[in-house]
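Read the structure below first, then the notes.
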Amino acid sequence: MNSNIPFLNASIAQALDYTAPILFAALGGVMSENAGVVNIALEGMMRFAAFFGVWGSFVSGNAWVGLLWGVGIGIVLGALHAYITVKWAGDQIISGVAINVMAMGMITYLLESVFKTTGYSPPVAYFGAPASKIHLAFLKGIPILGAFAELTILIWFALILVVVLHFVLYHTVLGLRIRAVGENPHAAETLGVNVFKIKWFAVISGSVLAAFGGLALSLGTLSSFTNSMAMGKGFIGLAAMIFGKWTPFGALGAILIFAGAQVLQLFMQGTATGFAKLIPLGFYLSLPYMLTIGALIGVVGKAVGPASDGVPYKKES
Amino acid sequence: MKDVLKRIVFGKREKYWWMNALVPLISILLAFIVGAIFIKITGRSPVVAYKLLFGASGLFPGPYWKSHFAEMLLSSSMYIATGLGFAIAAKGGLFNIGAEGHFIVGGIAAAYLGYAKPFAGLPKFIHLPLIIVGVMLAGGIWGAIAGYLKAKRGIHEVITTIMLNWIALYLIEAWLVIGPMEAAVETGISGTPYISLSAKLPKILPPTRLNISIIIILAVTFLIWYLFYKTTFGYEIRTMGHTLMFGMEAPKAAGINVERRTIQTMFIAGAVAALGGAFMVLGVLFQYPPIFEGGYGFDGIAVALIGQNEPLGVILAGILIGALRTGATTVQLAHIPKTFPSIIEGFTVGFIALQMLIRYWIMKLIQGRKKSVQTEMGGGAK
């Protein structure tokens with residue numbers, strides 16, 4: 001059994017790598033939807049940021065510049081989403097679909113015109129390079145904890161962000177206002193909260209978080225952009241956010257179940273003997289998704305979001 | 001300003017009904033303008049690009065028009081199918097991202113019923129309807145799972161449809177197509193075996209590939225329209241959609257069985273979207289390949305939104321998107337990637353989301369004109 005420890009740790013580290021982009025997306029959703037603005041554009045925002053991050057890193061040779069480019073495009077997209085849904089009370093779902101569809105077309109277009117390639121960008125400086133990882137050598141060899149010995153800075157940031165976001169949402173005035181705006185904007189307005197300002201802030205910061213998700217894909221896990229990004233991870237993040245009942249720790253829990261199923265899947269595939277070897281690959285691959293539905297049926301019960309989530313806010317005249 | 005907004009928000013159904021058709025048209029126009037600017041910025045010629053795009057789109061007569069026209073209708077029929085899949089669910093207040101999954105479930109069902117032994121020998125007039133029914137059942141059941149989980153367990157349909165998309169993809173492409181349904185090695189075919197002759201959709205414009213899929217989907221669209229606007233069943237579903245924000249208390253009080261209608265709505269949505277996959281397999285590919293060309297499901301969402309979730313609108317939007325995709329194969333000649341139509345599509349949907357702004361502009365225009373005639377009335381516009 002001992003010989004399995006490095007393999008287990010490697011599987012968990014791989015799962016964490018897989019998890020970080022989804023976690024960022026889910027936290028972006030938590031931020032935006034607690035202020036009452038549905039953001040199904042997480043997927044498209046990740047795609048934009050993943051590309052712009054690689055572009056920035058390509059131009060400058062520095063992954064941190066790429067990070068800034070990605071955050072920049074996140075702010076632009078967030079402002080677009082907020083302009084449509086907050087300023088003009090547009091349908092939030094339609095706006096989100098628009099950004100997703102635009103991400104499909106525009107990024108493929110830019111990929112071909114910037115890098116003159118189809119499908120892949122050239123490799124660039126990234127956070128996953130052995131030198132840029134955060135080394136915690138003393139953890140090596142310990143089961144489970146050993147997985148944390150060599151992670152990228154983005155994964156640590158995602159994990160820390162869960163705590164930060166929880167604190168902001170539930171222990172600060174700003175967080176109270178954000179949640180008030182998401183529950184009952186009219187009541188918040190009468191108490192002197194600037195509903196529009198709070199919504200703008202929440203949508204843009206949520207979209208920046210989603211942008212980090214894209215960056216974790218292209219500058220964390222890989223060192224280049226591939227045209228299949230974000231591979232549905234934004235949508236999984238959206239699902240995890242709902243599963244986690246619109247809270248940071250809930251989202252983390254949902255993603256850990258999902259990631260746990262991923263580890264299980266990799267572990268079972270790798271160590272399968274006898275009967276388990278006969279189970280087709282497709283069942284292993286779909287296991288995380290089935291388990292997520294199963295967990296929802298069994299444990300969680302009804303998912304109830306912020307009361308005014310998805311309802312455009314108009315001032316009463 | 002107040003008056004104008006009030007009129008836009010509350011009076012749109014009665015007085016300015018034509019605005020509902022005008023908004024998508026203006027959105028499309030604006031999207032083409034922004035698309036042209038985008039091409040210009042990246043250093044290509046928008047005139048050349050649009051000439052190529054529309055020249056090969058099948059919308060306008062020109063060289064090779066017949067084959068472009070046929071290709072356009074072939075892809076349009078699939079976009080209409082997935083667009084309806086979204087629109088039907090949206091009518092019932094459900095947000096269905098599952099069309100992608102329904103599409104491939106329909107595809108694999110069509111492939112199986114098309115080549116499998118007991119069916120493959122049947123005469124065409126029995127075999128083909130049998131496949132269509134089988135496909136709609138398969139897609140419907142896949143859709144109804146999400147409906148059931150929503151109705152009985154309260155699980156948000158966004159989660160279940162996303163999860164079911166992936167489950168369908170992995171079960172089909174990492175199991176069925178490379179396992180039990182794989183063509184025998186000695187045939188040298190990758191993917192499933194080819195469907196029998198009796199399963200292929202009849203062609204209607206001989207030298208081209210055009211087949212009856214467009215007729216089938218037009219008939220289905222008419223049935224959906226009839227269902228929604230001429231039957232109690234459809235009325236009940238629309239009632240649910242309209243009162244979504246208020247927890248569907250009103251329909252419940254009115255005696256509508258919300259749970260059952262939710263499941264039925266998702267069944268119909270899945271069944272119609274699955275037809276798209278069947279069109280692909282029975283009319284274009286004639287087998288289920290190892291990797292299915294995706295995207296129809298997600299484009300279906302855009303089609304439904306451009307078509308304002310109305311059956312007629314979905315047909316027109318489906319034809320537009322089909323035409324753009326057909327024309328896109330030639331824009332590569334102008335050094336523009338063939339995904340360029342997605343940009344137009346995205347901007348169109350974006351402007352539709354901004355419809356409050358567009359409506360406000362139109363109203364301002366009308367008000368402005370009125371004001372110049374009778375100045376003393378005064379207008380609300382700033």
Side-chain angles (χ1 to χ4, degrees), chain A residues 40 44 80-81 83-85 87-113 118 227 232 235-236 238-240 242-243 280-290 292-293 296-297 300-305 310-312 314 317, chain B residues 1-2 5-6 9 38 42-44 90 95 97 145 149 153-156 158-160 162-176 178-180 245 295 298-299 301-302 305 335-357 360:
Chain A
I40 67 156
L80 177 70
H81 192 52
Y83 178 76
I84 294 174
T85 59
K87 173 103 203 298
W88 284 101
D91 190 306
Q92 298 162 4
I93 300 278
I94 303 184
S95 172
V97 170
I99 292 173
N100 282 339
V101 177
M102 259 186 249
M104 259 343 274
M106 228 181 237
I107 296 301
T108 311
Y109 187 111
L110 286 176
L111 180 66
E112 288 188 22
S113 51
T118 47
N227 205 17
F235 284 113
I236 305 251
L238 186 74
I242 299 172
F243 191 168
L281 178 67
F283 283 94
Y284 284 119
L285 290 176
S286 55
L287 188 69
Y289 307 93
M290 290 184 185
T292 305
I293 293 183
L296 276 168
I297 295 172
V300 181
K302 286 215 175 199
V304 181
V311 186
K314 295 183 198 102
S317 47
Chain B
M1 166 89 187
K2 248 186 244 164
L5 274 180
K6 231 182 220 169
V9 178
F38 185 77
T42 50
R44 278 94 185 214
F95 186 62
I97 332 190
I145 296 174
L149 291 171
R153 296 285 176 163
I155 305 175
H156 205 292
V158 168
I159 306 185
T160 49
I162 290 170
M163 298 294 156
L164 286 167
N165 281 349
W166 288 100
I167 293 173
L169 182 76
Y170 285 129
L171 287 186
I172 291 171
E173 291 186 0
W175 173 43
L176 290 174
I178 57 167
M245 281 178 194
F298 283 109
D299 281 318
I301 302 178
L305 294 175
H335 301 288
I336 290 170
K338 69 170 195 257
T339 50
F340 175 67
S342 300
I343 300 177
I344 304 281
E345 200 179 307
F347 278 120
T348 309
V349 178
F351 282 115
I352 283 179
L354 260 178
Q355 56 178 300
M356 278 308 189
L357 178 63
Y360 175 67

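Protein chains get the first letters and strands the later ones, always in sequence-line order, with residue 1 at the start of each. Keep in mind that this is a model prediction, so the values were computed, not measured. Basis for what follows: all heavy atoms, side chains included, without hydrogens, waters or symmetry-related copies.
- The side-chain contact (heavy atoms from CB on, under 4.5 Å) search around L281(A) returns Q269(A), L285(A), A174(B), not counting sequence neighbours.
- Looking at L149(B), the atoms closer than 4.5 Å to chain A (heavy atoms on both sides) all sit in the side chain, from C-beta outward.
- Taking both residues in full, the closest heavy atoms of S342(B) and G105(A) are given as CB-CA, 3.3 Å, listed atom of the first, atom of the second, then distance.
- Looking at L305(B), only its side chain comes within 4.5 Å of chain A, counting heavy atoms on both sides.
- Distance CD1/I336(B) to OG/S113(A): 10.0 Å, rounded to 0.5 Å.
- Between I167(B) and M290(A) the shortest heavy-atom distance is CD1-CG, 3.6 Å.
- With rounding to the nearest 0.5 Å, the separation of CD1 in I162(B) from CD1 in I242(A) is 7.0 Å.
- Between chain B and the residues V101(A), L238(A), D91(A), the most heavy-atom pairs under 4.5 angstrom are made by V101(A).
- Residues I159(B) and F243(A) share a closest heavy-atom pair of CD1-N, 3.8 Å.
- Heavy atoms closer than 4.5 Å to chain A are found in the side chain of I97(B), but not in its backbone.
- Contact count versus chain A (heavy atoms, under 4.5 Å) is highest, among G350(B), G43(B), G346(B), for G346(B).
- Screening residues 342-353 of chain B for salt bridge (charged side-chain N to carboxylate O under 4.0 Å, His left out), with sequence neighbours left out, gives R325(B)-E345(B).
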### Query
Yes or no on side-chain contact (heavy atoms from CB on, under 4.5 Å) for I293(A) and L164(B), after CA distance, side-chain angles and deciding distance?
CA-CA 9 Å; I293(A) 293 183; L164(B) 286 167; 4.3 Å; yes
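- Between atom OG1 of residue T339(B) and atom CD of residue E112(A) there is a gap of 6.5 Å, rounded to the nearest 0.5 Å.
- The line from CD1 of I94(A) to CZ of F351(B) is 14.0 Å long, rounded to the nearest 0.5 Å.
- Using a 4.5 Å cut-off between heavy atoms, I343(B) contacts chain A through both its backbone and its side chain.
- Of the inter-residue distances, the one linking Y289(A) atom OH with L171(B) atom CG reads 11.5 Å to the nearest 0.5 angstrom.
- In this structure, F235(A) and F298(B) have parallel ring planes: the angle between them is below the 30° cut-off, well short of the 60° mark.
- From T85(A), atom OG1 reaches atom CE of M356(B) across 12.5 Å, with rounding to the nearest 0.5 Å.
- Between F340(B) and Y109(A), the ring-plane angle classifies as tilted under the 30° and 60° cut-offs.
- A heavy-atom distance below 4.5 Å is not found between the side chains of L287(A) and Y170(B).
- Heavy-atom distances place no part of L80(A) under 4.5 Å from chain B, backbone and side chain included.
- When heavy atoms are compared at a cutoff of 4.5 Å, I99(A) does not approach chain B at all.
- Interface remark: of the candidates I84(A), I40(A), L110(A), I84(A) forms the most heavy-atom pairs closer than 4.5 Å to chain B.
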